[in-house]
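These figures come from a predicted structure and were not determined experimentally.
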Amino acid sequence: MNAALQAVTQHRILIVEAQVYSFVLNLCLPNARAVLSKHAKHSTLAKHSTHANRSTHADILAECACYENVHAHEKWLIRLTIKLRDMLVLCPHGFTLDSVTYLPNLERQSTFRYIVNKFRNEYHEALVPNQKVLNVLKVALYQWLNIPIQRDAEYRCIMVDVLQQHLGSAVLYLPEVWNMCCEVPSWIYTDDRERQSFNMEEVPLLDFSASVQCLAAANPGTRDNNLLRNLWESYKKFIMNVRTGPKGLPVAIQHFDDYDGVLSIPRFKLLVDFLRKSLQSVHNQLPITDPFYEPLRHKGDFYLPLREFAPSRQNIVSQANTPFLHIEEPVGMFNLLVFRILCFNTQVSRTYSFDFTLPSLLKMMDQYEKKNKAHYHNSRAYGNPCAGWDDRKLMERYWDTAHSAWPLWVENKRKNRMLNVAYLHY
Amino acid sequence: MLPIYTIKPTLTPPASIASLKKFSQFEEWLESSTNDADRKKHFWLVGKLTRLLIAGDLAYAGVIDKPTVEEMGALIAKVSKGAIAGMVYLNLLPGRAKNYHYPARQTALAFKELYDRLKEELSDDEWDRMGMDAIVLEHSLCKLKRMHKLKLL
């Protein structure tokens, strides 16, 4: 059962991927052509952008060098264009851009599978940084198609046929489609790179109504009434689903119980690499020029994954009179509280000896309060409880705690240990 | 005062006896002494993460037991902070809204899986030099996401 399900899922993924790449082909190329033509005076590619000559690596580099003043996303489009064009040339089916969209479904799938593999094998590196673009395009594709994947063949052919028949190749140059593609680069460079799903409202809407009205006006009493009706229905579904996302599409995570989390191996490797590099940095084996070293060296408390090697922890553990030697005594607990609650991730936590009593702590606070409170108090560390409160009063409270609740707990633990011994002997 | 051996406890020791030294039990005790509307609790205003840090320090000091991997996994779900983000980043848990409470059991299982995989991947020497255990792994997961935000991972 599971194997069958997996096979179906795998098949569906392939189809989705194929659609995404189809979408890339359809949308990026015209947009890239526009970019190229904008900078036509510098470009040799602009004049020959549809020519079926395979570019060499040197050609690509030379071409990109022409675009010093071009935005990064435009450069990416140019590179993608060149690569896509090369792929089209290399593809054994010998199809052209226009024929890709209108190939019969089965043949299209095999062709797309070829493209997907080609991408994976040859252009994997080029695609990795732009995975987000593909995700965006996928969302846009769903919206554009506005149809469940299972019914892709039926609806997509209808829409494509209708649009092709009445608008011809101009389909690819619809202003809405054009605008959507232009919006993509602004999403590439958002800070929140890890956002898993996209806000559907952010995806520019495609105004199919204008296209349909245009069709209706151009073809009164057309024999394609059925097709037009279907298009309208698709459009209505699109509007209906625009907030919730298209219904019927496979949702990545349906329910937590159903979530079969598989460890992401590339990211796991990153974690292992991170730990190893951190270990090297602890032993000063990492070259200082490595940018990876910087946060670990300057903000170890915040970035170093090895807890015991964090600067503040190293400081408190290595002291001759470390509070951990007498942690079960009130003073020991008080100093632990001061360390973790008041002073964590500050200069004091990295340099001071933690053998404070309440008076000596208040004295230290007095000393720095007017000059630089940040010396002993980092209000951003772990939602520091002192932030916004009178930290003196809080420290007085913790002093009491260390002398009341803590000894009680320690006493209980001792009693329990004795009881445990008695129980075992009994 | 009666000598110890004359004390006759029940056949099953009270839960408090067996679990007082347990890591999660201690964390619960801290939690129960943490927040109070009347501001009368002992560890008033101490947050979830700080509780975990204090418990970790005490575990290393030998005052309480070190947590088991499953125990720490359940605590990660309870705290629901950076370590959860790290596990989502590693695709072990599904991404959810900020205030979503991840189920303790699934989180513990995922954490155990990660722990086991890491143990396989790292050599014994590396493992020892890192001082790796459930506490350190939880700590590392928090940092993983931070480094990722810096685009260094």
Let me see the working for B/K143 and A/F302 under side-chain contact (heavy atoms from CB on, under 4.5 Å), right down to the final yes or no. CA-CA 7 Å; B/K143 311 305 174 199; A/F302 199 71; 5.8 Å; no
List the steps and the verdict of side-chain contact (heavy atoms from CB on, under 4.5 Å) for B/N91 and A/F268. CA-CA 9 Å; B/N91 201 37; A/F268 175 68; over 6 Å; no
Determine whether A/R340 and B/D57 satisfy the following criterion, side-chain contact (heavy atoms from CB on, under 4.5 Å), listing intermediate values before the conclusion. CA-CA 10 Å; A/R340 285 297 184 196; B/D57 287 339; 2.6 Å; yes
Trace of the side-chain contact (heavy atoms from CB on, under 4.5 Å) decision for B/R129 with A/H283: CA-CA 10 Å; B/R129 282 166 65 205; A/H283 297 293; 3.6 Å; yes
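The CG atom of A/L271 sits 6.5 Å away from the CG atom of B/L114 when rounded to the nearest 0.5 Å. Atom CE of B/M147 is separated from atom NZ of A/K277 by 8.5 Å, given to the nearest 0.5 angstrom. To the nearest 0.5 Å, the span separating CZ on B/F43 from CE on A/M333 amounts to 4.0 Å. To the nearest 0.5 Å, the span separating OH on A/Y303 from SG on B/C142 amounts to 13.0 Å. Taken from CZ in A/R276 to CD in B/E121, the straight-line distance is 5.5 Å, to the nearest 0.5 Å. Remark: A/F274 CZ to B/H148 NE2 distance equals 12.0 Å, nearest 0.5 Å.
At least one donor-acceptor pair closer than 3.5 Å links the side chain of A/K413 to the backbone N or O of B/V63. One N or O on the side chain of A/R267 and one on the backbone of B/Y89 form a donor-acceptor pair closer than 3.5 Å.
Heavy atoms only, all atoms of each residue included: A/P305 and B/S140 are closest at O-OG, 3.0 Å.
A tilted orientation is assigned to the rings of B/W29 and A/W409, their planes being inclined by 30° to 60°.
For residues 76-95 of chain B, every residue pair satisfying the salt bridge (Lys or Arg N to Asp or Glu O under 4.0 Å) rule, not counting sequence neighbours, is listed here: B/E27-B/K78, B/E31-B/K78.
Within residues 321-328 of chain A, the residues having any heavy atom closer than 4.5 Å to a heavy atom of chain B are A/F324, A/I327, A/E328, listed by residue number.
No other option in A/I316, A/L337, A/D400 has as many heavy-atom pairs under 4.5 Å with chain B as A/L337. Between chain B and the options A/S404, A/A310, A/A405, A/A402, heavy-atom pairs under 4.5 Å are most frequent for A/A405.
Residue contact with chain A, scored on non-hydrogen atoms closer than 4.5 Å, involves the side chain of B/M132 exclusively. The part of A/F309 that comes within reach of chain B is its side chain, from C-beta onward, which places non-hydrogen atoms under 4.5 angstrom from that chain.
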